Every structure is written in structure tokens, then in C-alpha cells.
**Student:** 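One structure follows; several queries about it will come next.
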Protein chains: 2
Amino acid sequence: MFLYGESREQMFHVAAMMPFTPPPDAKPDHLRELMDEVRAGAEVQRPWNLRLKTPDFLFNPLQSWVEAEQIDLEYHLRRSALPSPGDERELGILVSRLHGYHVDFHRPPWEAHLIEGLEGGRFALYVKVHHSLVDGFSAMRILARTLSPDPNDRDRPLFFSVPPPERAPRTDPAGVQYEAVMSAVREQYSAAKVATRALKRVFDSARAGDHELVTPRQAPKCILNARISQSRRFATQQIELARLKAIAKAASGTLNDVVLALCAGSLRSYLLELNALPAEPLIAMVPVAVRAKDDTGGGNSIGAILANLGTDVEAADERLVTIIESTRHAKQQLQGMSKAAIIQYSAMLIAPSMLQMIPQTAGHIKPTFNVVISNVPGPDHPLYFRGARLEATYPMSIPVHGQALNITCNSYAGSMCFGFTGCRDTLPHLQRLAVYCGEAMDDLERAFQ
Amino acid sequence: MFLYGESREQMFHVAAMMPFTPPPDAKPDHLRELMDEVRAGAEVQRPWNLRLKTPDFLFNPLQSWVEAEQIDLEYHLRRSALPSPGDERELGILVSRLHGYHVDFHRPPWEAHLIEGLEGGRFALYVKVHHSLVDGFSAMRILARTLSPDPNDRDRPLFFSVPPPERAPRTDPAGVQYEAVMSAVREQYSAAKVATRALKRVFDSARAGDHELVTPRQAPKCILNARISQSRRFATQQIELARLKAIAKAASGTLNDVVLALCAGSLRSYLLELNALPAEPLIAMVPVAVRAKDDTGGGNSIGAILANLGTDVEAADERLVTIIESTRHAKQQLQGMSKAAIIQYSAMLIAPSMLQMIPQTAGHIKPTFNVVISNVPGPDHPLYFRGARLEATYPMSIPVHGQALNITCNSYAGSMCFGFTGCRDTLPHLQRLAVYCGEAMDDLERAFQ
């Protein structure tokens with residue numbers, strides 16, 4: 001599906017943007033020396049050495065991954081720099097630009113950019129990988145595994161030179177992403193050769209009145225659900241986890257409810273300013289992990305719920321209450337289902353958005369939800385790369401036709417890192433979403449004082 | 001044809017890379033201020049405000065240019081910076097990368113990048129424009145027109161804000177580019193809706209034995225004539241014009257013959273090192289302007305000749321003699337033709353390379369020539385942009401399937417600026433061509449001492 005949908009406008013690569021603070025004793029040219037080290041010959045481990053077998057025929061039913069005979073590492077690992085003053089704005093512009101270009105399917109589909117020239121002698125790493133090779137969740141795990149909790153560990157290889165673990169990593173039960181839900185749905189229908197036939201089955205099942213399938217509420221029309229262009233804009237926000245937890249406790253909700261409330265507050269301000277706020281509340285699709293009623297093992301099922309973002313509510317505290325009620329109800333529904341039903345229900349939620357990825361249908365199907373908001377827990381302690389401290393990890397995801405914005409959050413070392421990835425043209429001044437997200441935090445704190 | 005051939009690998013945009021030395025009194029943030037000025041609202045003049053009518057259907061027979069309703073200038077004018085040390089190598093890497101990305105056909109198809117962080121506080125301007133909007137030759141003229149011969153002229157607008165001249169500029173009779181030849185060929189066959197039908201006519205005419213059509217010599221097989229990938233590499237060389245002129249005089253050849261000899265020497269060294277030098281001499285296609293025998297007016301016809309580059313000859317002076325004889329003979333042939341025959345002859349030379357642009361045929365047709373070498377005279381005096389002196393203008397052209405390398409030169413203010421644009425994967429370490437071009441100059445000087 002990801003390869004089929006790939007076009008000039010829809011690019012199914014995910015990325016992470018990671019600013020670092022170098023250690024006080026860092027040499028001025030430490031990034032150049034790192035490149036020289038790589039040029040001198042670094043090993044490239046799986047999956048970073050895999051390329052598509054038939055890159056000129058992406059939707060080949062016999063498509064597969066093969067080891068690339070030779071890897072032009074200077075292509076994959078690149079140096080960049082920010083123009084003055086090297087602030088967050090310039091960093092945002094550069095990574096937005098980098099995120100708006102295709103990966104090259106004739107090579108292993110990933111790129112890593114070492115970005116220097118950030119204020120205060122800092123640097124950033126932007127890593128981009130096609131979703132068909134590594135999903136965002138696994139990529140984050142791999143990346144985290146290649147960093148060290150010890151600032152004095154100065155011998156770490158770069159991520160692509162770290163051998164894969166002996167056993168496949170288990171999915172973290174505490175958090176899942178959009179992509180994980182889509183993977184589950186895809187697996188369910190892997191036997192069906194034509195994607196639309198599979199989707200039809202989902203709709204038929206819904207129409208037949210399966211008791212366990214709950215018809216999703218209709219989301220309002222919104223500029224978030226337009227066709228997209230090929231340019232991207234990316235904005236970030238970082239908020240202390242303690243602030244979110246205090247609000248969650250005060251409102252008797254979950255941390256994720258507060259994340260949704262911050263996104264809701266931000267979206268309300270943003271759309272109001274554009275005079276584009278729907279009268280009805282925006283609906284978010286939120287990937288979750290739940291215990292299925294027929295699951296006797298300790299595992300979790302991956303599903304999706306629809307959350308009412310309460311964007312029609314003016315007061316920040318009332319909006320949060322609306323969200324808490326909505327997610328509680330949705331999760332209860334999901335927990336009453338069998339494992340198979342959870343997947344089918346999630347598939348039904350996602351199906352219309354999958355259909356929208358087909359260019360001919362884009363923009364003509366009414367959205368089931370307006371925006372995807374994922375929250376992925378990350379490491380809770382600081383990580384280092386050769387003494388340089390990772391400041392944050394901002395996830396960059398995939399806008400598609402009909403879903404012009406994606407919000408993904410990572411928690412890291414006591415903070416929540418928000419990544420807003422959107423279409424530059426459909427969503428003007430998208431970076432304001434990040435600013436308004438910070439203001440939404442202040443509003444909540446004032447309301448719960 | 002340019003829109004038809006556009007693909008992930010073949011991108012028909014041309015560009016110029018122009019380094020500048022700022023005046024001694026330049027403020028540290030003069031480029032940022034320039035951007036602020038643009039953001040505050042700059043006018044966008046024709047042709048820079050035109051976009052395609054049907055960008056999702058490039059080969060629409062009713063395709064046309066329309067004025068864009070709104071222009072996102074921050075998209076078109078961008079700031080970039082070089083990582084340390086900001087030398088020629090880093091500049092080459094950055095512009096190679098920028099040249100390897102598509103223009104966005106949903107907007108006016110051009111981009112300008114202000115690149116800071118060059119050694120010594122210098123900066124560079126990289127301007128890229130799709131060939132269907134402006135050919136490289138016209139773009140250079142427009143750019144030159146927007147610069148000033150006066151270093152004290154500090155009020156120049158940026159090139160896209162300069163209104164077009166009242167009358168269309170005349171083609172400079174002293175030099176033409178590949179694109180100009182192709183334009184002439186296209187005009188000839190504009191009535192034919194299917195490009196291949198037009199090409200068939202050219203071949204039929206050749207087979208029919210038109211006396212004025214000279215069958216081109218067969219070029220040897222060479223790595224220069226492979227299928228290309230989507231990545232580019234760009235390298236530059238600048239040599240004093242006086243040095244070239246001295247050799248031209250000593251060998252009784254033209255300046256252009258010496259340009260060809262420098263390219264020939266460079267290609268010989270480069271291919272020898274790769275163990276890929278054909279036993280037979282490489283053949284270059286060289287656009288020229290000649291007086292047709294039936295032309296009573298003062299104008300010139302645009303045509304193409306094939307030059308024997310003498311790459312099988314070891315001695316630099318003998319190689320130059322071979323080139324001089326070859327170009328003299330070819331130009332004599334051309335001058336004996338009628339205007340129509342010159343165009344038809346040129347079309348016949350180009351036809352096979354046009355066919356190669358069609359992906360299915362790429363790499364399967366024997367090349368008529370191995371490389372295109374264009375030499376475009378530019379301004380002979382220094383030019384300034386708000387006091388910053390233009391150091392050189394390096395043209396970046398279009399590699400296509402079957403023609404993995406393009407060499408284009410511009411003369412400017414007493415120097416010759418060489419731009420080597422190639423496919424990164426087909427031609428490894430392409431930047432060595434620039435180094436060997438400089439060494440070829442030394443060799444010629446030693447030979448003619």
C-alpha cells in the first residue's frame with residue numbers, strides 16, 4: 001500500500017529530528033571528523049543495506065527487499081548547515097525542505113543529515129527512512145538503541161553500523177502509532193491482491209450490522225482533509241512532562257488525554273485565525289493498545305479509537321473534560337471486542353483514509369476523522385552520542401491526500417516532544433500550531449489552578 | 001518534449017551557480033536582510049510568475065502557461081548554508097544535491113538559493129529553472145541584465161522583480177547552446193503531434209540520400225552514454241581567458257577549439273583512470289551559429305557539428321590539431337547548406353539522443369555522439385549585485401538517459417567558467433573532470449611553449 005500510494009505529493013517516509021548539545025570538550029570540527037570516519041569505511045548493517053528488487057516498478061506483486069551490492073555512504077549520510085542565526089525557525093525550514101523530497105528507491109531508502117550551525121554550537125540529526133523499510137516506531141527504537149545513557153561513552157558507531165538485535169523487538173504495549181495500526185490492518189488483508197476489494201469487505205461487514213462494529217461518528221469537513229501538494233512544513237514543541245501529568249491528575253484523565261487537549265487547543269486557535277474552524281468538533285484518530293476480551297495472554301491488541309477533540313468548546317478545562325469522556329467511552333467499546341473485531345473496527349475507521357490516498361478519490365470522500373494524533377513513549381532518561389546530549393526527538397510523519405496534518409509525540413527524558421508534519425500549501429503558517437500548542441498548555445494550567 | 005521526458009531520473013531544469021564576493025562594508029546579516037525585504041513583498045515579473053495550466057498532466061497537448069494567482073515567494077527564494085570549511089568541495093556537494101531535486105510544476109518552476117558560509121565571508125546564488133519556462137541561454141541573459149556593472153549601485157531588485165525588456169532579446173550570434181539547437185528542431189516539427197513521427201521523417205530524409213545531409217560518424221560506446229539515475233554531481237573550473245587565447249593563436253585554431261581540447265584532455269584522463277577510455281576517439285556534439293548559403297540577411301543559423309575530440313591521441317598538441325581539423329571541416333560542411341538543411345542536419349544528429357530520452361529505448365541506441373559541449377559567451381566586464389562582485393557564472397545543464405554528462409562553459413570578465421553536470425552513479429568522482437581540465441591547460445601550455 002505504501003509503495004502503491006507513493007507519488008510526487010504522497011511520500012511515505014517517516015523521520016526523526018534530533019537536536020544535540022555537544023560536550024564542552026568537543027572539537028570545532030567534530031562533525032567533519034565523523035564524516036571522515038564514515039568515508040574511511042563504515043559497515044552498513046541490516047536493514048540499512050536493503051533496497052527494493054524492482055525500484056522502477058514499485059507496485060510489483062513480486063516486489064521484495066534485496067541486499068544492495070554496494071552502498072554509496074556519502075549519498076546516505078550528508079552534512080548540512082543552517083543559515084544565520086541558526087534558530088529553531090531556520091532548523092524547521094531546513095528539515096521541512098528535506099522532508100519534502102523523495103527517497104531514492106534505487107538505493108536503500110534512507111538518508112541521514114548532520115546539521116550544523118545551530119545556535120550555541122549545537123547540531124541536529126535528521127534521519128529519514130521509507131516506511132516500507134522501517135516503520136517510524138521501529139526506527140525510533142533502533143535509533144535509541146544506538147545512543148548511550150553514558151556521556152563518557154565516546155566510541156559509539158553511527159546507527160546504521162549497529163547490528164540488529166538477535167530477536168525482533170516486541171511492540172511496546174504502552175504506545176502505538178498510526179503505522180502500527182495500518183500494519184495490523186494490512187496483515188489482515190494480505191491475501192487480497194486488490195486493496196479496494198479488501199476495503200469493500202470491511203464496508204460490507206459494517207453494513208451487515210456486525211454487533212461489535214460501532215459506526216464511527218461523522219467528522220466535520222475541514223481544511224485538514226484536503227488534497228496535498230509536494231511541499232512539507234514541520235514545526236515542533238517541547239513541554240515538560242511534569243506539567244502534563246499535573247493536569248492529567250487534576251482532571252482525572254490520562255496523560256494521553258492531556259496530549260489530545262493540547263493538540264485540540266492548538267488546532268482551535270489555528271483554525272479560528274484562518275476562519276476555518278468547523279462548528280462541529282474535530283475528530284481525531286488515536287492509535288491505542290488495549291486488552292481484547294478474548295485475549296488470555298498478557299499481550300495487547302493494537303487498535304484505533306476516535307476522539308472528540310471538543311474544538312467547539314471555548315473553555316480549556318471543559319474541552320479537556322469532553323476529550324476525557326470521549327476517549328474513556330471509546331476505549332470501553334474496544335475492550336468489549338474480540339481481537340479480530342478490534343482489528344476490523346480499526347480497519348473500518350482507516351479504510352476511507354486509505355481510499356483517499358488513491359489520487360482519483362482524494363478529496364471526494366468525507367473523512368471519518370480529521371487528524372491522526374499518535375503518542376509514542378520514548379526513553380525516560382537522557383541519551384548521548386559520543387558525549388553529545390540528545391535534547392529531544394521530534395517525530396516527522398506522513399501527510400497524505402485527505403489528511404494534510406499529522407501530529408506525533410514522543411516522550412523523552414522528562415519532556416513531551418510534539419512534531420507537527422503538514423502540507424505547506426494546504427496549511428499556511430503551520431508553525432503557528434506549535435506556538436499555540438504551548439499556549440494551550442498555559443491555558444490548561446490557568447483553568448486548573 | 002521536455003515535459004514528456006520528465007521523470008524521476010530525467011529532469012529538464014537548467015541552473016547557474018554564481019559565487020559572489022561581498023563589498024568590504026557588507027553587514028554580517030546582509031543576506032538575512034535581503035530575505036526580509038523579499039518577505040515584506042517583492043513583485044514577481046514575467047516569466048517568473050508563470051505556471052503550467054495542467055501540472056498533473058504534463059504531456060497535455062493543450063498544455064500552456066498561465067499566471068499563478070498567488071506566489072509563495074518563500075518557497076522560491078531560499079536560504080542555505082555550507083557546513084565547514086565552506087570550500088569549493090562543500091559548495092559542489094550542496095548544489096549537486098539541489099540540482100538533483102525536481103521543480104514543483106504546481107508553482108512557477110524555478111527556485112533560487114542564497115548560499116552563505118563560503119570561505120572568506122563569501123556567498124553564492126544558485127538559480128534553477130525548468131527548461132520549458134526559460135532556456136538556459138535566456139536565463140543567463142536575464143540574470144546578467146539584473147546585475148550592475150557599477151559596484152556602487154546598491155538598489156538592484158532581485159532578478160525575478162525586474163520587468164522583462166520591451167522587445168525579445170536577439171540570440172547572440174557568437175554562441176549557442178544545445179537547447180537552442182533543440183528549440184530550432186522542435187519548431188521545425190511543431191506541427192507533428194507525435195514526436196516519434198517527426199523523428200521518423202528525419203531518418204527517412206537521411207535514408208533518401210539528401211545530398212546536403214552528411215551521415216554522422218559513429219561514436220564509440222562509452223560509459224558516458226548509459227542510463228542515468230536521479231542523483232547529480234556538479235564540478236566547476238575557472239581558467240583565465242588569456243591563457244586559452246594564447247594557445248588558440250599558437251595553434252591557429254579558435255577559442256572554442258581550445259575549450260574542446262581542454263574537455264578532451266580532461267575526459268581522456270578521467271576515462272583512463274576508470275579503465276574506460278574507448279580505443280576510438282570520443283565524438284562531441286557542439287552547437288554552433290553559422291551563416292547559411294541562402295541567407296542574405298545578417299542573421300545566423302543555429303546548427304550542430306560533430307567534433308572528433310582526439311581522445312585516442314596522447315600528446316596534448318596533436319590532440320588539439322585533430323580537433324581543429326575536425327571542427328573546421330564540419331563548419332565548412334554546414335556553411336555549404338541551406339538554412340533548412342542546417343536544421344535538418346542538426347535534427348538528424350540529435351534525433352537518436354532524443355529517442356534515448358524515452359525510458360524504454362534508453363541505453364539501447366548507439367550514440368551519434370558521446371557528449372555535448374556548449375560554449376556560451378557572457379559579459380566581458382565584472383558585474384555586481386548591490387556591491388557584491390560576481391566571481392563566476394557556472395552553468396548547470398541536463399544529463400539525460402544516454403547522455404550522462406553535459407559540459408557547458410560561460411565566459412565572464414576575462415575568464416572561462418566550466419560547468420560539468422553529470423549523473424552521480426554513472427560517472428563516479430565526476431569532480432575529477434574539473435581537476436583534469438585544469439591539468440589539460442597546463443599540458444597544452446607546456447606543449448606550445
Side-chain angles (χ1 to χ4, degrees), chain A residues 6-9 27-35 55-56 58 70 72 74-76 78-87 89-91 93-94 96-98 100-107 111 113-118 123 227-233 359-360 362 423-425 428-429, chain B residues 6-9 27-35 55-56 58 70 72 74-76 78-87 89-91 93-94 96-98 100-107 111 113-118 123 227-233 359-360 362 423-425 428-429:
Chain A
E6 185 88 13
S7 70
R8 288 244 176 121
E9 290 86 24
K27 290 185 216 159
D29 272 342
H30 62 116
L31 295 179
R32 228 162 112 191
E33 283 171 17
L34 188 61
M35 275 305 270
D56 291 318
L58 289 182
Q70 65 181 139
D72 182 358
E74 282 186 55
Y75 177 88
H76 295 279
R78 304 172 174 198
R79 291 176 70 210
S80 284
L82 293 188
S84 67
D87 56 10
R89 185 173 186 281
E90 292 298 338
L91 180 59
I93 290 173
L94 178 61
S96 300
R97 220 184 275 169
L98 296 176
Y101 295 126
H102 283 275
V103 294
D104 186 349
F105 285 111
H106 290 81
R107 315 172 193 271
E111 291 168 18
H113 298 252
L114 276 167
I115 303 167
E116 60 193 66
L118 274 68
F123 69 95
R227 266 186 78 94
I228 59 168
S229 79
Q230 68 186 75
S231 304
R232 297 287 170 269
R233 190 133 247 172
Q360 287 77 15
C423 165
R424 179 190 175 95
D425 300 286
H429 310 294
Chain B
E6 186 87 15
S7 71
R8 289 245 175 121
E9 290 86 23
K27 290 185 216 160
D29 272 343
H30 61 115
L31 296 179
R32 229 163 112 192
E33 284 171 16
L34 189 62
M35 275 305 269
D56 291 319
L58 289 182
Q70 63 181 141
D72 181 358
E74 283 187 53
Y75 177 89
H76 295 279
R78 304 173 174 197
R79 292 175 71 209
S80 284
L82 293 188
S84 68
D87 56 7
R89 184 173 185 282
E90 292 297 339
L91 181 59
I93 290 173
L94 177 61
S96 300
R97 221 184 273 170
L98 296 176
Y101 295 126
H102 283 275
V103 292
D104 185 349
F105 284 111
H106 291 80
R107 313 172 193 272
E111 289 169 18
H113 299 252
L114 275 166
I115 304 166
E116 59 193 67
L118 275 68
F123 70 94
R227 266 186 79 92
I228 59 169
S229 79
Q230 66 187 73
S231 305
R232 298 288 170 266
R233 190 134 250 170
Q360 288 75 15
C423 165
R424 179 189 175 98
D425 300 286
H429 308 294

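By convention in this document, chain letters (A, B, ...) are assigned in the order of the sequence lines, proteins followed by strands, and residues within each chain are numbered from 1. Because the structure is a prediction, the values reported are computed rather than measured.
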**Student:** How many angstroms lie between atom NE2 of B:H102 and atom NE2 of A:H102, to the nearest 0.5 angstrom?
**Tutor:**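 Between atom NE2 of B:H102 and atom NE2 of A:H102 there are 7.0 Å.
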**Student:** Starting from the C-alpha separation in whole Å, work towards a yes-or-no answer on side-chain contact (heavy atoms from CB on, under 4.5 Å) for B:D72 and A:R424.
**Tutor:** CA-CA 10 Å; B:D72 181 358; A:R424 179 190 175 95; 2.7 Å; yes
**Student:** Between CZ of B:R233 and OH of A:Y75, what distance do you get to the nearest 0.5 Å?
**Tutor:**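 These two atoms lie 11.5 Å from each other.
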**Student:** Evaluate the side-chain proximity of B:R32 to A:P83: yes if any heavy-atom separation is below 4.5 Å, no if none is.
**Tutor:**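 Answer no - side chains too far apart.
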**Student:** Between CZ of B:R97 and OG of A:S80, what distance do you get to the nearest 0.5 Å?
**Tutor:**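 Here the rounded value is 4.5 Å.
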**Student:** Name the region of A:P85, side chain, backbone, both or neither, that has any atom closer than 4.5 Å to a heavy atom of chain B.
**Tutor:**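 It is both, since atoms from each part get that close.
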**Student:** Which bit of A:E74 comes within less than 4.5 Å of chain B, counting heavy atoms only: side chain, backbone, both or neither?
**Tutor:**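 Answer is both: backbone and side chain atoms of A:E74 are under 4.5 Å from chain B.
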**Student:** Below 4.5 Å, heavy-atom pairs only: which of A:D425, A:L94, A:D29 has the largest tally toward chain B?
**Tutor:**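 Between A:D425, A:L94, A:D29, the count favours A:D425.
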**Student:** What's the shortest heavy-atom distance between B:V103 and A:Q230, and which atoms?
**Tutor:**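 Reported closest heavy-atom pair: O-NE2, 4.3 Å.
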**Student:** Kindly check if the number of other-residue, nucleotide or ligand heavy atoms within 6.0 Å of CD (A:Q70) is above 12?
**Tutor:**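 No, the 6.0 Å shell around CD holds no more than 12 heavy atoms from other groups.
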**Student:** Output the distance between atom CG (A:L82) and atom CD (B:E116), rounded to the nearest 0.5 Å.
**Tutor:**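 That separation rounds to 9.5 Å.
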